[in-house]
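The next block holds one structure in the form of C-alpha coordinates; read it before the comments.
First the proteins, then the strands, lettered A, B, ... as listed; each starts at 1. For clarity, every value in this text was computed on a predicted model and none was experimentally measured.
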2 protein chains.
Amino acid sequence: MAAKQTGFVRKTKQREVILEVLRSTKSHPTADWVYQEVRKKMPNVSLGTIYRNLKTLTEMGEALELSYGSTYSRFDGNPENHYHFVCENCGSVIDLDIPVTDALEREVAEKTGHKAASHRLEFYGLCRDCQTNDSTNGSLH
Amino acid sequence: MAAKQTGFVRKTKQREVILEVLRSTKSHPTADWVYQEVRKKMPNVSLGTIYRNLKTLTEMGEALELSYGSTYSRFDGNPENHYHFVCENCGSVIDLDIPVTDALEREVAEKTGHKAASHRLEFYGLCRDCQTNDSTNGSLH
DNA sequence: TTTAAGAATGATAGCATTTATCATCAAAGG
DNA sequence: CCTTTGATGATAAATGCTATCATTCTTAAA
(Lines give C-alpha, C1' and ligand atoms only; values in the text may rest on other atoms or scores of the structure.)
Protein backbone atom coordinates (compact mmCIF):
# COMPACT_ATOMS: atom_id res chain seq x y z
CA MET A 1 0.00 0.00 0.00
CA ALA A 2 2.87 2.34 -0.71
CA ALA A 3 1.00 4.57 -3.12
CA LYS A 4 -2.52 3.57 -2.04
CA GLN A 5 -5.44 3.50 -4.43
CA THR A 6 -5.06 7.08 -5.58
CA GLY A 7 -1.55 6.58 -6.91
CA PHE A 8 -0.74 10.13 -5.94
CA VAL A 9 2.94 10.57 -5.15
CA ARG A 10 4.36 13.67 -3.53
CA LYS A 11 7.76 15.05 -4.28
CA THR A 12 10.10 14.75 -1.32
CA LYS A 13 13.72 15.60 -0.73
CA GLN A 14 14.35 12.05 0.49
CA ARG A 15 13.12 10.37 -2.64
CA GLU A 16 15.03 12.84 -4.75
CA VAL A 17 18.30 12.03 -3.01
CA ILE A 18 17.66 8.30 -3.11
CA LEU A 19 17.15 8.37 -6.86
CA GLU A 20 20.22 10.57 -7.22
CA VAL A 21 22.31 8.02 -5.33
CA LEU A 22 20.88 5.14 -7.35
CA ARG A 23 21.69 6.87 -10.60
CA SER A 24 25.23 7.70 -9.47
CA THR A 25 26.45 4.10 -9.58
CA LYS A 26 26.51 1.08 -11.84
CA SER A 27 27.17 -1.27 -8.96
CA HIS A 28 23.59 -2.50 -8.47
CA PRO A 29 23.64 -1.66 -4.78
CA THR A 30 21.70 -3.14 -1.90
CA ALA A 31 19.20 -1.18 0.15
CA ASP A 32 21.73 -0.85 2.93
CA TRP A 33 24.39 0.57 0.63
CA VAL A 34 21.89 3.18 -0.57
CA TYR A 35 21.05 3.90 3.06
CA GLN A 36 24.69 4.56 3.94
CA GLU A 37 25.14 6.84 0.93
CA VAL A 38 21.98 8.82 1.52
CA ARG A 39 22.94 9.27 5.16
CA LYS A 40 26.04 11.16 4.05
CA LYS A 41 23.74 13.83 2.67
CA MET A 42 20.79 13.36 5.04
CA PRO A 43 22.06 11.98 8.36
CA ASN A 44 18.58 11.64 9.84
CA VAL A 45 17.07 9.59 7.05
CA SER A 46 15.38 6.41 8.19
CA LEU A 47 16.08 2.96 6.79
CA GLY A 48 12.34 2.49 6.42
CA THR A 49 12.26 5.49 4.12
CA ILE A 50 14.91 3.88 1.94
CA TYR A 51 12.91 0.69 1.57
CA ARG A 52 9.66 2.54 1.02
CA ASN A 53 11.13 4.72 -1.69
CA LEU A 54 13.06 1.97 -3.44
CA LYS A 55 9.74 0.18 -3.71
CA THR A 56 7.92 3.30 -4.87
CA LEU A 57 10.61 4.13 -7.43
CA THR A 58 10.44 0.58 -8.75
CA GLU A 59 6.66 0.85 -9.09
CA MET A 60 7.07 4.22 -10.81
CA GLY A 61 9.41 2.63 -13.32
CA GLU A 62 12.38 4.72 -12.22
CA ALA A 63 14.37 1.74 -10.96
CA LEU A 64 14.61 -2.03 -11.20
CA GLU A 65 14.67 -4.52 -8.37
CA LEU A 66 17.02 -7.45 -8.95
CA SER A 67 17.11 -10.62 -6.92
CA TYR A 68 19.81 -13.17 -7.34
CA GLY A 69 19.65 -15.61 -4.48
CA SER A 70 17.31 -15.31 -1.60
CA THR A 71 19.03 -13.14 0.96
CA TYR A 72 18.67 -9.58 -0.28
CA SER A 73 17.69 -7.44 -3.24
CA ARG A 74 19.84 -5.25 -5.39
CA PHE A 75 18.57 -2.17 -7.17
CA ASP A 76 19.35 -0.70 -10.54
CA GLY A 77 18.93 2.98 -11.33
CA ASN A 78 18.75 2.25 -15.03
CA PRO A 79 15.11 1.37 -15.66
CA GLU A 80 15.55 0.37 -19.30
CA ASN A 81 15.61 -3.38 -19.73
CA HIS A 82 19.09 -4.80 -20.08
CA TYR A 83 20.79 -8.04 -19.18
CA HIS A 84 23.15 -8.87 -16.35
CA PHE A 85 26.13 -11.08 -15.70
CA VAL A 86 26.55 -12.41 -12.16
CA CYS A 87 30.05 -13.56 -11.26
CA GLU A 88 29.95 -16.70 -9.17
CA ASN A 89 33.41 -15.97 -7.80
CA CYS A 90 33.41 -12.32 -6.74
CA GLY A 91 29.66 -11.80 -6.64
CA SER A 92 29.61 -8.67 -8.77
CA VAL A 93 26.70 -7.89 -11.05
CA ILE A 94 27.68 -6.46 -14.41
CA ASP A 95 25.58 -4.75 -17.07
CA LEU A 96 25.79 -6.51 -20.41
CA ASP A 97 25.94 -4.65 -23.67
CA ILE A 98 24.05 -7.12 -25.79
CA PRO A 99 20.78 -6.34 -27.55
CA VAL A 100 17.48 -6.92 -25.78
CA THR A 101 15.29 -9.23 -27.83
CA ASP A 102 11.66 -8.36 -27.29
CA ALA A 103 10.83 -10.90 -29.94
CA LEU A 104 11.12 -13.48 -27.18
CA GLU A 105 7.95 -12.15 -25.61
CA ARG A 106 6.01 -12.61 -28.83
CA GLU A 107 7.40 -16.12 -29.17
CA VAL A 108 6.16 -17.02 -25.70
CA ALA A 109 2.72 -15.60 -26.41
CA GLU A 110 2.43 -17.51 -29.69
CA LYS A 111 3.73 -20.82 -28.39
CA THR A 112 2.21 -20.90 -24.93
CA GLY A 113 -0.64 -18.41 -24.77
CA HIS A 114 0.84 -16.60 -21.78
CA LYS A 115 1.01 -12.88 -22.43
CA ALA A 116 4.50 -11.72 -21.46
CA ALA A 117 4.91 -8.03 -20.72
CA SER A 118 8.59 -8.19 -19.85
CA HIS A 119 11.46 -10.59 -19.45
CA ARG A 120 14.71 -10.95 -17.57
CA LEU A 121 17.87 -12.65 -18.71
CA GLU A 122 20.86 -13.32 -16.49
CA PHE A 123 24.13 -15.08 -17.05
CA TYR A 124 26.18 -16.80 -14.39
CA GLY A 125 29.85 -17.67 -14.55
CA LEU A 126 33.33 -16.19 -14.16
CA CYS A 127 33.72 -12.52 -14.95
CA ARG A 128 36.69 -11.26 -16.95
CA ASP A 129 38.68 -10.18 -13.91
CA CYS A 130 38.19 -13.43 -12.03
CA GLN A 131 39.42 -15.42 -15.02
CA THR A 132 42.76 -13.67 -15.25
CA ASN A 133 43.27 -13.49 -11.51
CA ASP A 134 42.52 -17.25 -11.49
CA SER A 135 41.68 -16.82 -7.83
CA THR A 136 40.26 -19.99 -6.37
CA ASN A 137 39.69 -17.93 -3.24
CA GLY A 138 35.97 -17.50 -3.31
CA SER A 139 35.76 -14.05 -1.77
CA LEU A 140 32.10 -14.00 -2.65
CA HIS A 141 29.80 -11.29 -1.31
CA MET B 1 29.80 -25.83 4.64
CA ALA B 2 27.04 -28.26 3.81
CA ALA B 3 29.24 -30.87 2.18
CA LYS B 4 32.58 -29.60 3.45
CA GLN B 5 35.79 -29.81 1.47
CA THR B 6 35.52 -33.54 0.83
CA GLY B 7 32.27 -33.24 -1.02
CA PHE B 8 31.28 -36.57 0.44
CA VAL B 9 27.52 -36.94 0.65
CA ARG B 10 25.80 -39.74 2.52
CA LYS B 11 22.51 -41.26 1.55
CA THR B 12 19.75 -40.48 4.00
CA LYS B 13 16.05 -41.20 4.16
CA GLN B 14 15.32 -37.51 4.65
CA ARG B 15 17.08 -36.36 1.50
CA GLU B 16 15.45 -39.18 -0.43
CA VAL B 17 11.96 -38.10 0.62
CA ILE B 18 12.71 -34.43 -0.01
CA LEU B 19 13.81 -35.16 -3.57
CA GLU B 20 10.78 -37.38 -4.03
CA VAL B 21 8.47 -34.57 -2.95
CA LEU B 22 10.29 -32.09 -5.14
CA ARG B 23 9.96 -34.35 -8.18
CA SER B 24 6.28 -34.98 -7.51
CA THR B 25 5.19 -31.47 -8.44
CA LYS B 26 5.56 -28.90 -11.16
CA SER B 27 4.51 -26.09 -8.88
CA HIS B 28 8.00 -24.78 -8.04
CA PRO B 29 7.35 -24.95 -4.32
CA THR B 30 8.82 -22.98 -1.48
CA ALA B 31 10.93 -24.55 1.25
CA ASP B 32 7.98 -24.39 3.59
CA TRP B 33 5.69 -26.20 1.18
CA VAL B 34 8.26 -28.96 0.87
CA TYR B 35 8.49 -29.04 4.66
CA GLN B 36 4.74 -29.54 5.04
CA GLU B 37 4.71 -32.30 2.44
CA VAL B 38 7.70 -34.14 3.87
CA ARG B 39 6.15 -33.96 7.33
CA LYS B 40 3.22 -36.00 6.07
CA LYS B 41 5.65 -38.87 5.55
CA MET B 42 8.18 -38.01 8.28
CA PRO B 43 6.45 -36.06 11.05
CA ASN B 44 9.67 -35.47 12.96
CA VAL B 45 11.65 -33.91 10.15
CA SER B 46 13.21 -30.57 10.97
CA LEU B 47 12.85 -27.41 8.92
CA GLY B 48 16.61 -27.04 9.07
CA THR B 49 16.97 -30.38 7.37
CA ILE B 50 14.72 -29.19 4.56
CA TYR B 51 16.84 -26.10 3.96
CA ARG B 52 20.10 -28.01 4.27
CA ASN B 53 19.02 -30.64 1.77
CA LEU B 54 17.47 -28.25 -0.70
CA LYS B 55 20.82 -26.53 -0.74
CA THR B 56 22.73 -29.79 -1.04
CA LEU B 57 20.46 -31.06 -3.80
CA THR B 58 20.94 -27.81 -5.67
CA GLU B 59 24.70 -28.12 -5.34
CA MET B 60 24.49 -31.73 -6.50
CA GLY B 61 22.65 -30.62 -9.60
CA GLU B 62 19.47 -32.48 -8.66
CA ALA B 63 17.37 -29.35 -8.25
CA LEU B 64 17.28 -25.69 -9.17
CA GLU B 65 16.82 -22.74 -6.85
CA LEU B 66 14.69 -19.96 -8.27
CA SER B 67 14.35 -16.49 -6.81
CA TYR B 68 11.75 -14.07 -8.06
CA GLY B 69 11.54 -11.17 -5.70
CA SER B 70 13.36 -10.93 -2.46
CA THR B 71 11.12 -12.69 -0.04
CA TYR B 72 11.73 -16.39 -0.56
CA SER B 73 13.12 -19.01 -2.88
CA ARG B 74 11.27 -21.53 -4.92
CA PHE B 75 12.72 -24.87 -5.92
CA ASP B 76 12.45 -26.90 -9.07
CA GLY B 77 12.90 -30.66 -9.12
CA ASN B 78 13.70 -30.57 -12.82
CA PRO B 79 17.42 -29.81 -12.95
CA GLU B 80 17.61 -29.39 -16.73
CA ASN B 81 17.70 -25.77 -17.74
CA HIS B 82 14.37 -24.45 -18.91
CA TYR B 83 12.59 -21.12 -18.87
CA HIS B 84 9.79 -19.88 -16.67
CA PHE B 85 6.79 -17.64 -16.90
CA VAL B 86 5.78 -15.75 -13.76
CA CYS B 87 2.19 -14.53 -13.66
CA GLU B 88 1.95 -11.09 -12.12
CA ASN B 89 -1.69 -11.63 -11.27
CA CYS B 90 -1.93 -15.06 -9.65
CA GLY B 91 1.76 -15.51 -8.82
CA SER B 92 2.14 -18.95 -10.36
CA VAL B 93 5.39 -20.03 -11.96
CA ILE B 94 4.96 -22.01 -15.16
CA ASP B 95 7.45 -24.10 -17.11
CA LEU B 96 7.85 -22.90 -20.68
CA ASP B 97 8.25 -25.27 -23.57
CA ILE B 98 10.52 -23.15 -25.70
CA PRO B 99 14.04 -24.16 -26.70
CA VAL B 100 16.99 -23.26 -24.49
CA THR B 101 19.52 -21.27 -26.46
CA ASP B 102 22.99 -21.99 -25.15
CA ALA B 103 24.32 -19.91 -28.01
CA LEU B 104 23.59 -16.93 -25.79
CA GLU B 105 26.40 -17.93 -23.48
CA ARG B 106 28.87 -17.97 -26.34
CA GLU B 107 27.62 -14.59 -27.49
CA VAL B 108 28.26 -13.13 -24.05
CA ALA B 109 31.77 -14.59 -23.91
CA GLU B 110 32.62 -13.22 -27.35
CA LYS B 111 31.17 -9.78 -26.85
CA THR B 112 32.08 -9.12 -23.24
CA GLY B 113 34.82 -11.51 -22.18
CA HIS B 114 32.80 -12.83 -19.24
CA LYS B 115 32.69 -16.61 -19.29
CA ALA B 116 29.07 -17.64 -18.77
CA ALA B 117 28.47 -21.16 -17.51
CA SER B 118 24.71 -20.91 -17.36
CA HIS B 119 21.86 -18.52 -17.88
CA ARG B 120 18.35 -17.89 -16.69
CA LEU B 121 15.45 -16.46 -18.63
CA GLU B 122 12.14 -15.48 -17.12
CA PHE B 123 9.04 -13.89 -18.50
CA TYR B 124 6.56 -11.78 -16.55
CA GLY B 125 3.00 -11.01 -17.47
CA LEU B 126 -0.51 -12.46 -17.48
CA CYS B 127 -0.81 -16.21 -17.72
CA ARG B 128 -3.39 -17.84 -19.97
CA ASP B 129 -5.87 -18.45 -17.18
CA CYS B 130 -5.69 -14.94 -15.79
CA GLN B 131 -6.37 -13.49 -19.24
CA THR B 132 -9.65 -15.32 -19.77
CA ASN B 133 -10.82 -14.90 -16.19
CA ASP B 134 -10.05 -11.18 -16.63
CA SER B 135 -9.86 -11.02 -12.86
CA THR B 136 -8.71 -7.64 -11.68
CA ASN B 137 -8.68 -9.16 -8.22
CA GLY B 138 -4.99 -9.51 -7.60
CA SER B 139 -5.01 -12.65 -5.48
CA LEU B 140 -1.25 -12.71 -5.76
CA HIS B 141 0.84 -14.95 -3.52
C1' DT C 1 30.26 -58.08 12.67
C1' DT C 2 32.18 -54.90 15.36
C1' DT C 3 33.96 -50.52 15.49
C1' DA C 4 35.49 -45.96 14.74
C1' DA C 5 35.01 -41.44 12.04
C1' DG C 6 32.41 -37.97 10.97
C1' DA C 7 28.27 -36.65 8.06
C1' DA C 8 23.47 -35.72 8.97
C1' DT C 9 19.75 -34.93 12.01
C1' DG C 10 16.30 -32.49 15.24
C1' DA C 11 15.72 -28.77 18.18
C1' DT C 12 16.49 -24.35 18.91
C1' DA C 13 18.66 -19.93 19.06
C1' DG C 14 20.23 -16.35 16.22
C1' DC C 15 20.79 -13.36 12.24
C1' DA C 16 19.74 -10.25 8.37
C1' DT C 17 16.58 -8.25 5.47
C1' DT C 18 12.35 -6.35 5.05
C1' DT C 19 7.72 -4.73 6.51
C1' DA C 20 4.24 -2.76 9.72
C1' DT C 21 2.91 0.67 13.10
C1' DC C 22 2.12 5.23 14.61
C1' DA C 23 2.74 9.89 16.18
C1' DT C 24 4.46 13.79 13.86
C1' DC C 25 5.79 16.51 9.82
C1' DA C 26 5.25 18.74 5.54
C1' DA C 27 3.72 18.97 0.39
C1' DA C 28 -0.03 20.48 -2.47
C1' DG C 29 -4.08 22.87 -3.36
C1' DG C 30 -7.44 25.73 -2.15
C1' DC D 1 -3.10 30.80 6.17
C1' DC D 2 -5.59 26.33 6.52
C1' DT D 3 -6.81 21.74 5.51
C1' DT D 4 -5.94 17.31 3.72
C1' DT D 5 -3.39 13.42 3.63
C1' DG D 6 0.96 11.45 1.80
C1' DA D 7 5.57 10.88 3.76
C1' DT D 8 8.81 10.61 7.43
C1' DG D 9 11.61 8.90 11.52
C1' DA D 10 11.81 5.75 15.14
C1' DT D 11 10.89 1.51 16.52
C1' DA D 12 8.84 -2.99 16.89
C1' DA D 13 7.88 -7.02 14.61
C1' DA D 14 7.67 -10.43 10.95
C1' DT D 15 9.86 -13.36 7.70
C1' DG D 16 13.08 -16.45 5.71
C1' DC D 17 17.01 -18.54 6.34
C1' DT D 18 21.48 -20.03 8.79
C1' DA D 19 24.37 -21.48 12.71
C1' DT D 20 25.04 -24.26 16.70
C1' DC D 21 25.35 -28.47 19.17
C1' DA D 22 24.44 -32.78 21.34
C1' DT D 23 22.84 -37.00 19.46
C1' DT D 24 21.96 -40.35 15.80
C1' DC D 25 22.97 -42.76 11.70
C1' DT D 26 25.81 -44.03 7.44
C1' DT D 27 29.79 -45.76 5.74
C1' DA D 28 33.80 -48.27 5.23
C1' DA D 29 37.58 -50.34 7.28
C1' DA D 30 39.30 -53.64 10.75
Give one of base, sugar-phosphate or nothing for [X], where a contact means two heavy atoms less than 4.0 Å apart.
X     : result
A:L47 : base
B:D32 : nothing
A:T30 : nothing

Quiz item: Does B:T12 or A:S73 map to a spot on DNA chain C nearer the 5' end, using the closest nucleotide for each?
Solution: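 Result: B:T12.
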Exercise. Find which nucleotide of DNA chain C each of B:K13 and A:G48 is nearest to by heavy atoms, and output the residue with the more 5' nucleotide.
Key: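 On the 5' side of the pair lies B:K13.
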Whole-Å gap separating [atom2] ([N]) and [atom1] ([X]):
X     : N      : atom1 : atom2 : result
A:E16 : D:dG6  : CD    : P     : 21 Å
A:E65 : C:dT17 : CD    : C1'   : 12 Å
A:Y35 : D:dT11 : OH    : P     : 11 Å
B:N53 : D:dT18 : CG    : P     : 13 Å
B:W33 : D:dG16 : CH2   : P     : 17 Å
B:L54 : C:dT9  : CG    : P     : 11 Å
A:R74 : C:dT18 : CZ    : P     : 11 Å
B:Y72 : D:dT18 : OH    : P     : 16 Å

If you check the [X] side chain, which of [options] turns out closest?
X     : options               : value
A:V9  : C:dG6, C:dT17, D:dA7  : D:dA7
B:R52 : C:dG10, D:dG6, C:dA5  : C:dG10
B:T49 : D:dG9, C:dG10, C:dT18 : C:dG10
A:K11 : D:dC17, C:dT9, C:dA28 : C:dA28
A:Y51 : D:dT8, C:dT9, C:dT18  : C:dT18
B:F8  : C:dG10, D:dT27, D:dT8 : D:dT27
A:R10 : D:dT4, D:dG16, D:dT27 : D:dT4

Self-check item: Criterion side-chain contact (heavy atoms from CB on, under 4.5 Å) on B:Y35 and B:T30, from CA distance to verdict
Solution: CA-CA 9 Å; B:Y35 177 48; B:T30 63; over 6 Å; no
Quiz item: Do you see a donor-acceptor pair shorter than 3.5 Å between the side chains of B:Y124 and B:E122?
Solution: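 Yes, side-chain donor-acceptor contact under 3.5 Å.
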Quiz item: Does a distance-only test, which skips hydrogens and angles, find a donor-acceptor pair under 3.5 Å between the side chain of B:S46 and the base of C:dA11?
Solution: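 Flag set: donor-acceptor pair detected.
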Quiz prompt | Residue that, paired with A:R39, satisfies side-chain contact (heavy atoms from CB on, under 4.5 Å) out of A:V34, A:N44, A:V45 | solution =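 Checked A:V34, A:N44, A:V45 against A:R39; only one passes side-chain contact (heavy atoms from CB on, under 4.5 Å): A:V45.
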Practice problem: Please say which of B:V17, B:I18, B:V21 ends up in a side-chain contact (heavy atoms from CB on, under 4.5 Å) with B:E37. | Solution: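 Result: among B:V17, B:I18, B:V21, B:V21 is the only option passing the side-chain contact (heavy atoms from CB on, under 4.5 Å) with B:E37.
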Self-check item: Aromatic ring proximity A:H119/A:Y83, centre distance under 6.0 Å
Solution: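 Yes, the ring of A:H119 comes within the 6.0 Å limit of the ring of A:Y83, centre to centre.
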Quiz item: With a distance cut-off below 6.0 Å to the six-membered ring centre and an angular limit of 45° from the axis, does A:R10 pair with A:F8 as a cation-pi contact?
Solution: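 A:R10 over A:F8 ring: no.
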Exercise. Establish, with yes or no, whether the OP1 or OP2 oxygen of D:dG9 is under 4.0 angstrom from a side-chain nitrogen or oxygen of A:Q14.
Key: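 Checking D:dG9 against A:Q14, a side-chain N or O does come within under 4.0 Å of OP1 or OP2.
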